[in-house]
Amino acid sequence: NVQKAGHTVVAYDHHQDRIDAIVAAGGMSAASGREVGEQSDVVITMMQNSPNVESALFDGGGVFEGLSVGKAVIDMSSINPIKSRKFAAHLAEKGVDFLDAPVSGGTKGARDGSLTIMVGGEEATFAKAQPLLSAMGTTITHMGQEGSGQVTKAANQLIVGGALAVLSEAIILLE
């Protein structure tokens, strides 16, 4: 969807088939996170957990090494908000902006470009990222400072989990 919206995508992943899919759709490939950072104005990460995001950004050959002043990182993973704030602070030391922007809507929402995106970070960075985020989602809300997107996502998960628990109890009662 980002490519369809006219943005150039440079992909790096440990799984070659994922890179191949981006290239087949008109994107470019990179040999490392560092190359992605060098070739991109905005780097988007979406990974399973905080340690994976930290590794992709800051390990040797990672994105951080390729970034320079004025670039931005948008982490769309659902991770620890304290880690998001730590990442933002470390990136800011290099003059790089950061948004935490976890999503809701699942794979269908991702395919359809209809994700809900909860964003934490500076208002000016959020405003600059809006066209890019709009390629992926339809409900995009700035929640406040870095980490606020993660806190909102956690609250959303609590609400959903609580509703499912109540629904389960109601079914048992009805039976």
Side-chain angles (χ1 to χ4, degrees), residues 1-5 7 9 11-22 25 27 33 42-59 62-63 72-91 97-123 125-175:
N1 289 324
V2 170
Q3 286 179 183
K4 288 177 192 173
H7 303 280
V9 174
Y12 174 71
D13 196 294
H14 293 292
H15 302 278
Q16 186 62 43
D17 61 317
R18 295 176 185 170
I19 297 172
D20 294 344
I22 296 294
V42 178
V43 175
I44 298 173
T45 55
M46 184 181 278
M47 298 177 193
Q48 294 176 335
N49 55 44
S50 301
N52 287 4
V53 176
E54 188 167 24
S55 176
L57 291 176
F58 302 114
D59 280 359
V63 171
V73 172
I74 302 174
D75 179 40
M76 301 187 83
S77 313
S78 294
I79 64 169
N80 182 322
I82 295 168
K83 285 290 195 175
S84 286
R85 290 181 188 122
K86 177 182 169 187
F87 301 159
H90 191 49
L91 289 162
D97 295 325
F98 178 83
L99 296 173
D100 61 291
V103 303
S104 182
T107 54
K108 182 180 183 335
R111 271 193 308 274
D112 296 345
S114 62
L115 293 168
T116 294
I117 307 172
M118 300 147 270
V119 185
E122 295 293 325
E123 181 73 39
T125 306
F126 173 71
K128 285 192 291 189
Q130 191 71 30
L132 186 57
L133 296 171
S134 293
M136 297 177 273
T138 53
T139 304
I140 304 159
T141 307
H142 183 245
M143 304 309 300
Q145 69 182 8
E146 292 89 352
S148 297
Q150 299 299 344
V151 172
T152 304
K153 173 67 184 265
N156 180 65
Q157 294 303 98
L158 287 171
I159 293 165
V160 170
L164 289 174
V166 170
L167 177 62
S168 299
E169 291 298 324
I171 290 171
I172 291 169
L173 176 64
L174 290 169
E175 287 176 343

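Along the sequence shown, residues are numbered consecutively beginning with 1.
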Quiz item: How many angstroms lie between CG in N156 and OG1 in T116, if you round to the nearest 0.5 Å?
Solution: 8.0 Å

Quiz item: Rounded to the nearest 0.5 Å, how far apart are OG1 of T45 and CG of L57?
Solution: 5.5 Å

Practice problem: Dump the intermediate steps for salt bridge (charged side-chain N to carboxylate O under 4.0 Å, His left out) on D100 and K153, then the final yes or no. | Solution: CA-CA 10 Å; D100 61 291; K153 173 67 184 265; over 6 Å; no

Practice problem: Please report the shortest heavy-atom distance between M76 and I44, naming the atom on each side. | Solution: SD-CG2, 3.6 Å

Exercise. Report the C-alpha distance between M46 and V103 in whole Å, list the side-chain angles of each, state the deciding distance to 0.1 Å, and finish with yes or no for side chain to side chain contact (heavy atoms under 4.5 Å, CB included).
Key: CA-CA 10 Å; M46 184 181 278; V103 303; 3.9 Å; yes

Quiz item: For the side chain of H142 and the backbone of G121, is there at least one donor-acceptor N/O pair under 3.5 Å apart?
Solution: yes

Quiz item: So does Q48 have more than 12 non-hydrogen atoms from other groups sitting under 6.0 Å from CD?
Solution: no

Exercise. Carefully, step by step, assess E175 and I171 under the rule side chain to side chain contact (heavy atoms under 4.5 Å, CB included).
Key: CA-CA 6 Å; E175 287 176 343; I171 290 171; 3.9 Å; yes

Quiz item: Can you list the steps and then say if D97 with F126 is a side chain to side chain contact (heavy atoms under 4.5 Å, CB included)?
Solution: CA-CA 10 Å; D97 295 325; F126 173 71; over 6 Å; no

Quiz item: Can you tell me if S134 uses its side chain to pair, donor with acceptor, with the backbone of Q130 under 3.5 Å?
Solution: yes

Self-check item: Nearest non-hydrogen partners of A110 and N1, listed with the distance
Solution: O-ND2, 2.8 Å

Quiz item: How many angstroms lie between CD in Q150 and OG in S50, if you round to the nearest 0.5 Å?
Solution: 7.5 Å

Quiz item: Closest heavy-atom contact between H7 and P131?
Solution: NE2-O, 4.1 Å

Exercise. Output the distance between atom CZ (F87) and atom CG (N80), rounded to the nearest 0.5 Å.
Key: 8.5 Å

Quiz prompt | Verdict with reasoning, Q3 to I22, per side chain to side chain contact (heavy atoms under 4.5 Å, CB included) | solution = CA-CA 9 Å; Q3 286 179 183; I22 296 294; 3.3 Å; yes

Quiz item: Nearest heavy-atom pair of G33 and Y12: which atoms, and what distance?
Solution: N-CD2, 3.6 Å

Quiz item: Between L132, V43, I117, which is the residue that forms a side-chain contact (heavy atoms from CB on, under 4.5 Å) with I74?
Solution: L132

Quiz item: Can you tell me how far CG of D13 sits from CE of M47, rounded to the nearest 0.5 angstrom?
Solution: 7.5 Å

Practice problem: Side-chain contact test, heavy atoms from C-beta onward, threshold under 4.5 Å: evaluate it for I82 versus K86 and give yes or no. | Solution: no

Self-check item: Minimum-distance pair of heavy atoms, taken over all atoms of G147 and P81
Solution: O-CB, 3.6 Å

Quiz item: Which pair of non-hydrogen atoms, one from V2 and one from A135, has the smallest distance, and what is that distance?
Solution: CA-CB, 4.0 Å

Quiz prompt | Rounded distance (nearest 0.5 Å) linking atom CD of E54 with atom CG of D75 | solution = 11.5 Å

